[in-house]
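Step one of this worksheet: look at the structure below.
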Amino acid sequence: MIHLSQAAITEIERLRSKHQPNSLLRLTVRSGGCSGLFYDMSFDETVKVEDHVFDLSSIRFIIDNESFTYVNGLALDYSEDLMGGGFRFHNPQAITTCGCGNSFSVATPTFV
């Protein structure tokens with residue numbers, strides 16, 4: 001399960017209304033980044049057979065089957081500071097994260 005802060009919900013809704021009002025938010029974990037894996041978020045209108053679809057508040061999430069194993073328990077927040085705004089990922093499965101917070105590693109990386 002994924003948890004969204006009210007700030008994350010507000011920012012996702014704002015972004016979605018500017019780009020694709022009827023789209024779903026796709027959350028993917030990809031290989032790369034300074035810690036081995038990184039989060040990628042985009043808007044999508046296509047749901048594939050192997051996708052998991054979740055309704056969280058007013059947000060519909062799509063997560064592919066491979067990424068799903070890496071995001072269980074993920075808490076997504078949004079905050080702004082002097083450097084600008086950004087999403088913050090708090091993943092209980094991550095054993096290390098990089099300074100930007102978008103890259104992480106898990107105990108047994110099997111993602112390719």
Side-chain angles (χ1 to χ4, degrees):
M1 181 59 120
I2 296 175
H3 307 282
L4 299 174
S5 71
Q6 186 57 51
I9 292 168
T10 301
E11 182 63 10
I12 293 166
E13 288 174 339
R14 185 188 73 78
L15 292 170
R16 184 177 59 192
S17 70
K18 289 177 73 175
H19 299 287
Q20 300 168 319
N22 297 319
S23 61
L24 293 85
L25 183 67
R26 181 173 290 279
L27 176 62
T28 306
V29 173
R30 299 191 188 278
S31 182
C34 43
S35 292
L37 301 169
F38 71 96
Y39 303 102
D40 183 36
M41 294 191 331
S42 61
F43 291 106
D44 198 342
E45 294 180 2
T46 305
V47 178
K48 300 172 188 160
V49 174
E50 66 274 7
D51 286 338
H52 300 268
V53 179
F54 298 95
D55 292 309
L56 301 172
S57 190
S58 59
I59 309 299
R60 292 195 76 200
F61 267 90
I62 307 169
I63 304 171
D64 65 85
N65 200 42
E66 287 185 63
S67 298
F68 184 71
T69 59
Y70 295 100
V71 297
N72 189 27
L74 179 73
L76 181 60
D77 190 16
Y78 179 83
S79 63
E80 294 186 20
D81 57 25
L82 293 175
M83 300 300 290
F87 288 99
R88 311 293 185 238
F89 299 88
H90 307 282
N91 190 338
Q93 296 184 59
I95 59 169
T96 60
T97 59
C98 69
C100 72
N102 291 338
S103 181
F104 68 101
S105 64
V106 292
T108 54
T110 57
F111 194 79
V112 274

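Since the structure is predicted, the reported quantities are computational estimates derived from the model, not experimental observations. Sequential numbering from 1 along the given sequence is applied to the chain's residues.
Proximity of a side-chain donor or acceptor of Gln93 to a complementary backbone N or O of Gly73 within less than 3.5 Å is not detected. A distance-only check finds a donor-acceptor pair linking the side chain of Ser67 to the backbone of Val29 [under 3.5 Å].
Leu76 and Ile62 fall into different hydrophobic clusters, where Ile, Leu, Val, Met, Phe, Trp and Tyr are joined by side-chain heavy atoms under 4.5 Å apart, directly or via other members. Criterion: ILVMFWY side-chain heavy atoms under 4.5 Å apart, direct or through other members. Under it, Met41 and Val71 are part of a common hydrophobic cluster.
A distance of 7.5 Å separates CZ in Arg14 from NE2 in His19, rounded to the nearest 0.5 Å. With rounding to the nearest 0.5 angstrom, the OG1 atom of Thr28 is 9.0 Å from the CZ atom of Phe38. Distance CG/Leu4 to CG/Leu56: 5.0 Å, rounded to 0.5 Å. Distance check: Asp44 CG to Ser23 OG gives 8.0 Å after rounding to the nearest 0.5 Å.
Using a 4.5 Å heavy-atom cutoff, the side chains of Leu27 and Ile2 are in contact. Using a 4.5 Å heavy-atom threshold, the side chains of Tyr39 and Leu74 count as touching. Ser58 places a side-chain heavy atom less than 4.5 Å from the side chain of Ile9. Put simply, the side chain of Leu25 reaches to within 4.5 Å of the side chain of Phe43, judged on heavy atoms. Counting heavy atoms from C-beta outward, Phe54 and Ile63 have side chains that approach closer than 4.5 Å.
Glu13 and Ile59 make their closest contact through CG-CD1, 3.7 Å (heavy atoms, listed as atom of the first residue, atom of the second, distance). Minimum interatomic distance between Ala8 and Phe87 (heavy atoms only, all atoms of both residues): O-CE2, 4.1 Å. Among all heavy-atom pairs drawn from Asn65 and His52, the shortest one is OD1-NE2, 2.9 Å.
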*Please step through side-chain contact (heavy atoms from CB on, under 4.5 Å) for the pair Phe61 and Leu24, ending with a clear verdict.*
CA-CA 6 Å; Phe61 267 90; Leu24 293 85; over 6 Å; no

*Test side-chain contact (heavy atoms from CB on, under 4.5 Å) on Val53 and Arg60 and set out the steps.*
CA-CA 7 Å; Val53 179; Arg60 292 195 76 200; 3.3 Å; yes

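With sequence neighbours excluded, the residues forming a salt bridge (charged side-chain N to carboxylate O under 4.0 Å, His left out) with Asp51 are Arg26, listed by chain and number. Partners of His3 according to the ring-ring contact (aromatic ring centres under 6.0 Å, His included) rule, which considers only residues two or more places apart in sequence or in another chain, do not exist here. Qualifying side-chain contact (heavy atoms from CB on, under 4.5 Å) partners for Ala94, counting only residues two or more places apart in sequence or in other chains: Asn91, Thr97, Phe104.
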